[in-house]
Number of protein chains: 2
Amino acid sequence: MSRSQVSGRPRYAVVAQALTEDILSGRYPVGATLPSEHALCAQFDISRHTTREALRRLQALGLVTRRAGVGTQVKSDHIVQRYVQVGDTVSDLYQYAKDMVLNVLEVSDIKADAATAALLGSEKGEAWSQLRGVRAMDGGGVPVALMDAYIIHAYRGVLGDIEGAGLPIWSLIEARYGIVPAEVRQQISATTLGRNEAERLAAREGDPALRITRHYLTQALDVYEVAISLYPAERFTYSNTLRIEQPVSVS
Amino acid sequence: MSRSQVSGRPRYAVVAQALTEDILSGRYPVGATLPSEHALCAQFDISRHTTREALRRLQALGLVTRRAGVGTQVKSDHIVQRYVQVGDTVSDLYQYAKDMVLNVLEVSDIKADAATAALLGSEKGEAWSQLRGVRAMDGGGVPVALMDAYIIHAYRGVLGDIEGAGLPIWSLIEARYGIVPAEVRQQISATTLGRNEAERLAAREGDPALRITRHYLTQALDVYEVAISLYPAERFTYSNTLRIEQPVSVS
DNA sequence: GTGGACAATTTGTCCGGACATTTGTAACGG
DNA sequence: CCGTTACAAATGTCCGGACAAATTGTCCAC
């Protein structure tokens with residue numbers, strides 16, 4: 001009796017599919033509470049273990065949440081398709097060649113005024129360190145990017161690690177403080193180079209450029225680093241691959 | 001005895017953490033087979049149910065694979081951190097306002113020559129449909145984007161759905177054919193508008209612009225749609241949020 | 001030697017029971 | 001009226017056992 005004779009599929013899979021269809025069809029709307037494990041045992045004439053296995057599938061599909069003392073509640077009436085950034089880390093977010101290094105031009109400590117706080121997404125008056133630098137091939141090729149970075153005061157210790165580094169700053173923060181970005185917000189826009197920027201980048205004023213602004217947030221969604229990079233158009237293309245998360249099947 | 005007295009944590013969590021540390025430290029190298037469930041029961045003096053709960057955690061962490069008749073084998077010696085595109089679909093990939101519609105300028109059937117095949121990432125000689133259109137606010141505001149799209153012959157039926165549509169083409173393909181992109185490859189670069197492009201966009205020749213190229217791939221990694229959009233700089237900013245997949249803790 | 005039957009091992013499925021922990025609510029006492 | 005307590009209900013943890021299915025290797029017959 002370990003498999004249902006008719007279908008040849010595990011019983012928990014049959015139950016999971018039935019419940020899934022009930023949720024997708026709206027029979028159990030979002031927010032509703034599913035019958036308790038005990039009730040489902042009686043309804044499908046199965047053991048509690050099998051019931052829990054079925055509910056575990058629904059949970060993995062993101063359809064329900066389960067809490068002791070409350071029950072099983074419908075979280076979503078459709079199966080969410082999530083896209084995952086390929087590669088094992090955020091490495092695709094920096095795409096720096098191995099021999100690309102950052103040369104620091106200027107460093108200063110600031111207190112965020114209203115405009116800066118808005119840019120950084122932080123509180124006014126918070127203490128930050130500001131850094132300006134140029135990314136170029138090691139050995140002195142043409143510069144690829146002009147970067148303005150803001151690092152929250154608590155992690156200013158990385159400032160000493162930055163000169164000549166071939167890694168993005170968030171990676172240096174991770175190495176020194178063990179802080180991994182929980183969320184990364186990116187904004188990409190086109191612009192033209194100003195006179196000062198063009199000079200730093202050995203380009204012409206008015207040339208088209210890509211501006212990428214990235215906010216790095218902690219688990220608590222506090223911004224702890226902001227990087228604004230300016231890439232002359234012909235020297236850089238941002239690229240990105242998202243892959244659908246392999247769907248968790250009920251069977 | 002349902003919780004281990006010393007730690008106050010569930011027993012399966014203790015076992016899962018012990019095994020996790022053994023894997024991360026290399027005591028069980030990648031490819032090695034862990035002790036069988038029976039052996040782990042004896043080793044930790046727990047029931048098979050608890051053992052399986054612990055191993056289920058390791059599986060969720062992506063550290064091991066389990067197969068009947070074979071055993072539990074180490075798949076990875078480090079916990080991969082995956083970043084997920086937030087939002088319930090790829091909707092962040094299009095960011096179109098509700099009343100932004102696509103007006104078709106031109107449609108043609110083509111056979112991919114060498115250059116086109118390279119651009120599309122497909123085979124030379126394959127049959128595609130080509131479409132040029134302009135995205136603008138409904139009611140005739142300034143155009144926001146000039147778009148060139150390529151759709152593989154099999155899905156050319158969507159061409160009739162496109163005129164005036166407020167949704168991205170991949171979404172129309174999904175609605176009509178049930179095909180969801182399994183992978184999306186994106187390239188973003190800065191450029192300047194050519195004379196013809198500027199005219200279509202009611203902009204000036206030489207203005208900076210954002211070019212976004214997207215390849216949509218099936219599960220088998222065959223390209224079935226390519227969209228190339230050109231956005232005048234001040235009319236559009238691409239934005240994006242990646243969130244770390246909530247780490248599956250052993251506890 | 002090779003193919004097939006068989007056995008041993010391992011994980012998968014499923015049942016029964018028991019107690020712990022969490023949470024919402026209702027009864028109670030101030 | 002409000003805070004506390006007590007209870008009930010739900011899920012979480014854990015144990016025992018049994019058989020099924022998948023896989024691998026061994027042994028025997030040919």
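Within every chain, numbering begins at 1; the chains are lettered A, B, ... in the order of the sequence lines, protein sequences first and strands thereafter.
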Integer-rounded Å distance: dG12(C) C1' and Arg11(A) CZ: 15 Å
So, is Arg66(A) near the phosphate of dT22(C), with a side-chain N or O under 4.0 Å from OP1 or OP2? no
When rounded to whole Å, the CZ to P distance for the pair Arg56(B) and dC14(D) reads 13 Å
How long is the span from the OG atom in Ser122(B) to the CD1 atom in Ile152(B), to the nearest 0.5 Å? 6.5 Å
Got a sec, which residues hit side-chain hydrogen bond (donor to acceptor under 3.5 Å, both in side chains) with Asp161(A), two or more places apart in sequence or on another chain? Arg176(A)
dC14(D), OP1 or OP2 - any side-chain N/O from Tyr12(B) closer than 4.0 Å? no
Taking CZ from Phe44(A) and C1' from dC14(C), how many angstroms apart are they, rounded to a whole number? 16 Å
Check side-chain hydrogen bond (donor to acceptor under 3.5 Å, both in side chains) between Asp109(A) and all other residues, then give those that pass, not counting sequence neighbours. Ser129(A)
Would you call the rings of Tyr155(A) and Tyr177(A) parallel, tilted or perpendicular if under 30° counts as parallel and over 60° as perpendicular? tilted
Round to the nearest Å and state the distance from Gln73(A) atom CD to dT23(C) atom P. 12 Å
Only counting residues at least two apart or in another chain, list the ones meeting ring pair (Phe, Tyr, Trp, His ring centres under 6.0 Å) with Tyr28(A). none
How would you list, by chain and number, every residue that makes a salt bridge (charged side-chain N to carboxylate O under 4.0 Å, His left out) with Glu53(A), sequence neighbours excluded? Arg56(A), Arg57(A), Arg56(B)
Side chain of Arg48(B), heavy atoms from C-beta onward: which of dC15(C), dT11(C), dC14(D) has the nearest atom to it? dT11(C)
Sequence-distant partners of Arg156(B), side-chain hydrogen bond (donor to acceptor under 3.5 Å, both in side chains), two or more places apart: His153(B)
From CZ of Arg9(A) over to C1' of dA21(D), roughly how many Å is that when rounded to an integer? 17 Å
With sugar-phosphate meaning primed atoms plus P, OP1 and OP2, does Leu55(B) contact a base, only sugar-phosphate, or nothing at under 4.0 Å between heavy atoms? nothing
Taking only distance into account, with no hydrogens and no angle test, what donor-acceptor pairs under 3.5 Å do side-chain atoms of residues 38-49 of chain B form with protein atoms, sequence neighbours excluded?
unit_1, atom_1, unit_2, atom_2, d
Ser47(B), OG, His49(B), N, 3.4
Ser47(B), OG, Thr50(B), N, 3.4
Ser47(B), OG, Thr50(B), OG1, 3.4
Arg48(B), NE, Glu37(B), OE1, 2.5
Arg48(B), NH2, Glu37(B), OE1, 3.0

Atom-pair distance (CD on Glu53(B); C1' on dG12(C)), nearest Å: 15 Å
Any Thr50(B) side-chain nitrogen or oxygen under 4.0 Å from OP1 or OP2 of dC15(D): yes
Those residues at least two apart in sequence (or on a different chain) that pass side-chain hydrogen bond (donor to acceptor under 3.5 Å, both in side chains) with Tyr150(B) are Gln130(B)
Could you list, one pair per line, each protein nitrogen or oxygen that sits under 3.5 Å from a nitrogen or oxygen of nucleotides 8-10 of chain D, together with the distance?
unit_1, atom_1, unit_2, atom_2, d
dA10(D), N3, Gly69(A), N, 3.4

Please report the distance, rounded to the nearest Å, between NE2 in His49(B) and P in dG16(C). 16 Å
To the nearest 10 degrees, how far apart in direction are the end axes of the helix from dG1(C)-dC30(D) to dG30(C)-dC1(D), each fit to five base pairs? 10°
State which of dT13(D), dT13(C), dC14(C) makes the closest approach to the side chain of Arg52(B). dT13(C)
Tell me: CZ of Arg57(A) to C1' of dT13(C), nearest whole Å? 11 Å
